[in-house]
Amino acid sequence: MLSAVQNPRLFLIQSRFHLHFPPKSRHFHRSKVPLASQILTEPQTLFSTLPPSSEILTIRKSLLSRQRTAVEIAEEFLNRLRQTEPQIRSFLHVSENAIREAEEIDGKIERNEELGPLAGVLIGVKDNICTIDMPSTGGSRILANYQPAFDATAVKKLRDQGAIIVGKTNLDEFGMGSTTEGSGFQVTSNPWDVSRVPGGSSGGSAAAVSARQCVVALGSDTGGSVRQPASFCGVVGLKPTYGRVSRFGLMAYASSLDVIGCFGSSVADTGILLHSISGHDRLDATSSEREVPDFAAQFISENFLESKPLKGLRVGMISETLGDGVDKGVISSIRVAASHLEELGCIVTEVSLPSFSLGLPAYYILASSESSSNLSRYDGVRYGNQVAADELISLYGASRANGFGPEVKMRILMGTYALSAGYYDAYYKRAQQVRTLVQKSFKAALDENDILISPAAPSAAYKIGEKKNDPLAMYAGDIMTVNVNLAGLPALVLPCGFVEGGPTGLPVGLQMIGAAFDEGKLLKVGHIFEQTLQGCRFVPPLIADGLAC
């Protein structure tokens, strides 16, 4: 099989930083072809490493066997969080109850009580997802210190299964951004290079998982806010089908596009997390009543893989995502990843989605229009911090002007304009028509292919501040992801290689797109791809620098 290039510095991570992955023997043949040798110019060393394992299952095994306590595991992650947080700034709030909750789990073990499937697993939650015991600000000053009276359905499900919510992660204000520079409180850095962005809007969650500050994390995805930061931070990110996961307790940005998504350091962990939060919810009229399959049943151990484990799987590589505007290094990584899929038995062909380029402008019209309506509730009276004023209109205006950041204000204005009399048909209605074209285009392509693949972003992570003053350039970075939201389809992003940049190279993410409610197939393909991709474990250099050893 094809091998990935391993930076010598990352070899130190394997020997110095132990994440307690169980040892596994390897029986899968691999050739000595470097995955990204065309890209990286500094000296590299090839060596065999174990594929990513499920950290969730490892924690459960260690608890049930009493090799480790929940308190020991919690302290390990909290120590790493404290040591790396000054550089990364992933969290807006860290729970004060994590150790106490870990002690309760240890007490259940001592009493031989049944443990939930996520017992002892520390989970980060994006700060636009409500939590009853911690502030939920949406990354906005207008909700500073707001603490909900309820848990989001996804959070409640995690707690019911024994998970420990370790804290609330940073984001672009109300999910409006692609870099996490738009937070009302702080700028998060990429663990691979702290001078670069982690992506957005779920950059805090992606960075926290990448730096192993938590086991897994929840994010939200309106136009790529889980998948693009997963690519930038070298982790696995999954956007489920619209309706698969309840949106109750998720602060609304664009209601017809928003979904709660998952981050993990492996496909297995991401699939387990998705299964834990999926299912119908009577509190969300848009949640699907479809039965939730056991996603873990899709995972095949490497020891039982055939020589062509994906034989006959039809993979369509979207040609519009490999042209102008996409970095050559990213294109090279995706093409080599496609070759790897071919060696696994896939039939890879290029497919064209004629409406692909239309998705970006349609998305920003629709998302801005819906946000102008959803954010009208933050007026200082119903929701949001209030500014003193003599008149009601002045109170509304001053509260919103003082609480909202510039990006949110701009999108509210854009959306209000698109919905206004005389412009509704020209903008909003036409964007809805484009959305229908995008949906039909994807359906036609997925009728001929089992999955579609593309880059998750046109480039690797760029420098903090590089695109902050050029919103059009920043918006263009969402071109790979927004169409999936318009079509309501599931998509999985997992790291597939490196391009030059930063201390040790920058990760590149491969996006796999499936038919509606076909997350199981994406997870199966991703799991096999991940196991057979020889090389680095995508652990960032920040950890090798001794900050968390």
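Residues take their numbers from the sequence shown, with the count starting at 1. As the structure is a prediction and not an experimental result, all values here were calculated from the model.
At least one side-chain heavy atom of Leu115 sits under 4.5 Å from a side-chain heavy atom of Arg60. Taking the side chain as every heavy atom from C-beta outward, Ile513 and Leu522 never approach each other to under 4.5 Å. Side-chain contact between Leu305 and Leu344 is absent, with no heavy-atom pair separated by less than 4.5 Å. By the 4.5 Å heavy-atom criterion applied to side chains, Leu494 and Met512 are counted as neighbours. For the pair Leu542 and Ile88, the minimum side-chain heavy-atom distance is below 4.5 Å. A heavy-atom distance below 4.5 Å is found between the side chains of Val499 and Ser333. Between Pro495 and Val235 there is no side-chain heavy-atom pair separated by less than 4.5 Å. Contact of the Leu322 side chain with the Arg335 side chain is registered, since non-hydrogen atoms from C-beta on lie closer than 4.5 Å.
Residues satisfying the side chain to side chain contact (heavy atoms under 4.5 Å, CB included) criterion with Asp172, sequence neighbours excluded, are Thr179, Thr180, Ser201.
Residues Gly219 and Ile129 approach most closely at O-CD1, 4.0 Å, considering heavy atoms. In terms of heavy atoms, Asp450 sits closest to Gly312 at OD2-O, 4.2 Å. Contact between Pro198 and Cys233 at its shortest, heavy atoms only, is O-SG, 3.4 Å. Considering all non-hydrogen atoms of both residues, Gly509 and Ser231 come closest at N-OG, 2.9 Å. Here the shortest heavy-atom pairing between Ser459 and Val330 reads CA-CG2, 3.8 Å. Considering all non-hydrogen atoms of both residues, Phe263 and Gly237 come closest at CD2-CA, 4.3 Å.
In this structure, CD1 on Ile334 lies 8.0 Å from OG1 on Thr321, to the nearest 0.5 angstrom. Separation of atoms OG1 (Thr270) and CD1 (Ile56) is listed at 8.0 Å; rounding is to 0.5 Å. Distance check, rounded to the nearest 0.5 Å: NZ of Lys521 to CG of Leu492 gives 14.0 Å. Between atom CD of residue Glu342 and atom CG of residue Leu313 there is a gap of 12.0 Å, rounded to the nearest 0.5 Å. Rounding to the nearest 0.5 Å gives a distance of 8.5 Å between CG of Asp258 and OH of Tyr253. Taking CG from Leu57 and NZ from Lys61, the interatomic distance works out to 10.0 Å, rounded to the nearest 0.5 Å.
Using a 3.5 Å distance cut-off with no hydrogens or angles, the side chains of Gln213 and Thr84 do pair a donor with an acceptor. Side chain to side chain, Thr481 and Gln228 fail the donor-acceptor criterion of an N or O pair below 3.5 Å. Remark: the Glu519 side chain and the Thr241 side chain contain an N/O donor-acceptor pair separated by less than 3.5 Å. One side chain, Asn485 or Asp221, offers a donor N or O that lies under 3.5 Å from an acceptor on the other. A side-chain N or O of Ser205 and one of Thr169 form a donor-acceptor pair less than 3.5 Å apart. No side-chain donor-acceptor contact under 3.5 Å links Arg247 and Thr153. Side-chain polar atoms of Asn170 and Thr188 form a donor-acceptor pair below 3.5 angstrom. A donor atom on one side chain and an acceptor atom on the other are found under 3.5 Å apart for His340 and Thr532.
The backbone N or O of Ala491 lies less than 3.5 Å from no partner atom in the side chain of Gln511, so there is not a single donor-acceptor pair. Here the side chain of Asp269 pairs no donor or acceptor atom with the backbone of Ser265 at under 3.5 angstrom. Side-chain N or O atoms of Lys308 include one that pairs as donor or acceptor with a backbone N or O of Glu343 at under 3.5 Å. Side-chain atoms of Ser246 never come within 3.5 Å of backbone atoms of Ser287 as a donor-acceptor pair (strictly under, hydrogens ignored). For the pair Asp518 (side chain) and Gly514 (backbone), a donor-acceptor distance under 3.5 Å is absent. Side-chain N or O atoms of Asp284 include one that pairs as donor or acceptor with a backbone N or O of Thr286 at under 3.5 Å. Counting only distance, with no hydrogens or angles, the side chain of His275 and the backbone of Phe295 share no donor-acceptor pair below 3.5 Å. Counting only distance, with no hydrogens or angles, the side chain of Ser278 and the backbone of Leu274 share a donor-acceptor pair below 3.5 Å. Side-chain atoms of Asn449 never come within 3.5 Å of backbone atoms of Ile451 as a donor-acceptor pair (strictly under, hydrogens ignored). Using modelled atom types, no side-chain atom of Arg227 and backbone atom of Ser225 make a donor-acceptor pair closer than 3.5 Å.
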**Prompt:** Is there a side chain to side chain contact (heavy atoms under 4.5 Å, CB included) between Val351 and Met317 once you walk through the steps?
**Reply:** CA-CA 6 Å; Val351 299; Met317 187 160 56; over 6 Å; no

Assess the residue pair Ser352 and Glu320 against the criterion (side-chain hydrogen bond (donor to acceptor under 3.5 Å, both in side chains)); give the C-alpha distance rounded to whole Å, side-chain angles, the decisive distance to 0.1 Å, and a yes or no. CA-CA 7 Å; Ser352 177; Glu320 285 82 2; 2.5 Å; yes

Check: What do the steps show when you test Phe232 against Val197 for side chain to side chain contact (heavy atoms under 4.5 Å, CB included), and what is the final call?
Finding: CA-CA 8 Å; Phe232 280 11; Val197 301; 4.0 Å; yes

| request: Check step by step if side chain to side chain contact (heavy atoms under 4.5 Å, CB included) holds for Val215 and Ile123. | output: CA-CA 6 Å; Val215 181; Ile123 300 180; 5.8 Å; no

Quick one: do Thr69 and Ser62 satisfy side chain to side chain contact (heavy atoms under 4.5 Å, CB included)? Show the steps, please. CA-CA 8 Å; Thr69 66; Ser62 66; over 6 Å; no

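Taking the six-membered ring where tryptophan is involved, the planes of Phe538 and Phe498 are essentially parallel, since the angle between them stays under 30° and well short of 60°.
Within 6.0 Å of the CD atom in Glu448, the count of heavy atoms belonging to other residues, nucleotides or ligands does not exceed 12. Remark: Lys157 NZ is packed, more than 12 non-hydrogen atoms of other residues, nucleotides or ligands lying under 6.0 Å away.
Remark: of the listed residues Leu257, Asn483, Leu358, Leu257 is the sole one forming a side-chain contact (heavy atoms from CB on, under 4.5 Å) with Arg435.
The pair Glu76-Arg68 counts as a salt bridge, with a side-chain nitrogen and a carboxylate oxygen less than 4.0 angstrom apart.
Side-chain rings of Tyr475 and Tyr363 stay apart, their centers remaining 6.0 Å or farther from each other.
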